[in-house]
Amino acid sequence: TFAHEWQVDYLKVDFCGVEMPGTPPENCTGVVGRSCGTVPVESAGQYAHWSALSTALNKTGRPIYLDLCPHAIADGVGTEVPKGKLMYAPPKEWTLSQRRALA
């Protein structure tokens, strides 16, 4: 596999476009002209996507560090991000064991 041929040990998922509910596809990232990703912003769907990627990497049999960027909708509490805006953080619904399982 590519992981072995290229001796991959680190994967950074740099742009993690998310599907924002009720947002037109041509502006779902907040930047006109930039396309949407396929990772849902809702907690369970997003976790399923990242979990599938983590599982696929683990199946290579090579230790690969996965650096991803989960998203959450800000609730306006304890963050500078205004309520309802997208922020780069794991959703609050994810448990510690879920977060660790993605590692």
Side-chain angles (χ1 to χ4, degrees):
T1 66
F2 78 91
H4 290 281
E5 291 170 13
W6 296 353
Q7 298 182 353
V8 173
D9 58 7
Y10 180 89
L11 176 62
K12 168 69 174 149
V13 182
D14 204 13
F15 174 69
C16 311
V18 296
E19 295 173 359
M20 293 290 289
T23 306
E26 68 276 4
N27 192 24
C28 65
T29 61
V31 179
V32 176
R34 192 179 277 180
S35 64
C36 290
T38 59
V39 179
V41 74
E42 60 87 19
S43 179
Q46 185 178 170
Y47 188 83
H49 275 77
W50 296 130
S51 181
L53 178 57
S54 178
T55 298
L57 290 176
N58 287 332
K59 284 183 179 180
T60 68
R62 184 173 176 83
I64 300 173
Y65 183 89
L66 174 60
D67 186 356
L68 52 85
C69 53
H71 292 74
I73 302 296
D75 61 8
V77 177
T79 177
E80 294 178 2
V81 180
K83 183 177 182 176
K85 297 290 185 180
L86 192 64
M87 62 181 187
Y88 297 103
K92 289 182 178 182
E93 297 83 7
W94 290 6
T95 65
L96 180 57
S97 61
Q98 284 180 306
R99 293 177 194 197
R100 288 182 174 164
L102 291 177

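In this chain, numbering begins with 1 at the start of the sequence shown.
No chain of hydrophobic side-chain contacts below 4.5 Å, direct or via other Ile, Leu, Val, Met, Phe, Trp or Tyr residues, connects V77 to Y88. Linking ILVMFWY residues whenever their side-chain heavy atoms come closer than 4.5 Å, directly or via other members, places I64 and W6 in the same cluster. Criterion: ILVMFWY side-chain heavy atoms under 4.5 Å apart, direct or through other members. Under it, V8 and L57 are part of a common hydrophobic cluster.
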Check against side-chain contact (heavy atoms from CB on, under 4.5 Å), L68 and L53: CA-CA 10 Å; L68 52 85; L53 178 57; 5.6 Å; no
Should L66 and V13 be marked as a side-chain contact (heavy atoms from CB on, under 4.5 Å) after you check the CA-CA gap, both sets of side-chain angles, and the distance that decides it? CA-CA 8 Å; L66 174 60; V13 182; 4.1 Å; yes
List the steps and the verdict of side-chain contact (heavy atoms from CB on, under 4.5 Å) for L11 and D67. CA-CA 6 Å; L11 176 62; D67 186 356; over 6 Å; no
Walk me through it: do R62 and Q7 pass the test side-chain contact (heavy atoms from CB on, under 4.5 Å)? CA-CA 9 Å; R62 184 173 176 83; Q7 298 182 353; 3.5 Å; yes
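Atom CH2 of W50 sits about 7.5 Å away from atom NE2 of H71, to the nearest 0.5 Å. Taken from OG in S51 to CD in Q98, the straight-line distance is 9.0 Å, to the nearest 0.5 Å. Note that the CD atom of E42 and the CD atom of E93 stand 9.0 Å from one another [nearest 0.5 Å]. Between the CG atom in D75 and the NZ atom in K83 there is a gap of 7.5 Å [rounded to 0.5 Å].
Considering every non-hydrogen atom in both S54 and A101, the closest pair reads OG-O, 3.9 Å. Scanning all heavy atoms of the two residues, the minimum distance from V41 to Q46 falls at O-NE2, 3.2 Å. When all heavy atoms of P82 and A74 are compared, the pair lying nearest together is O-CB, 3.4 Å. Closest non-hydrogen pair, A72 versus P91, comes out as CB-CA, 3.9 Å.
Relative ring orientation between Y47 and W94 is described as perpendicular, the plane-to-plane angle rising above 60° on a 0-90° scale split at 30° and 60°.
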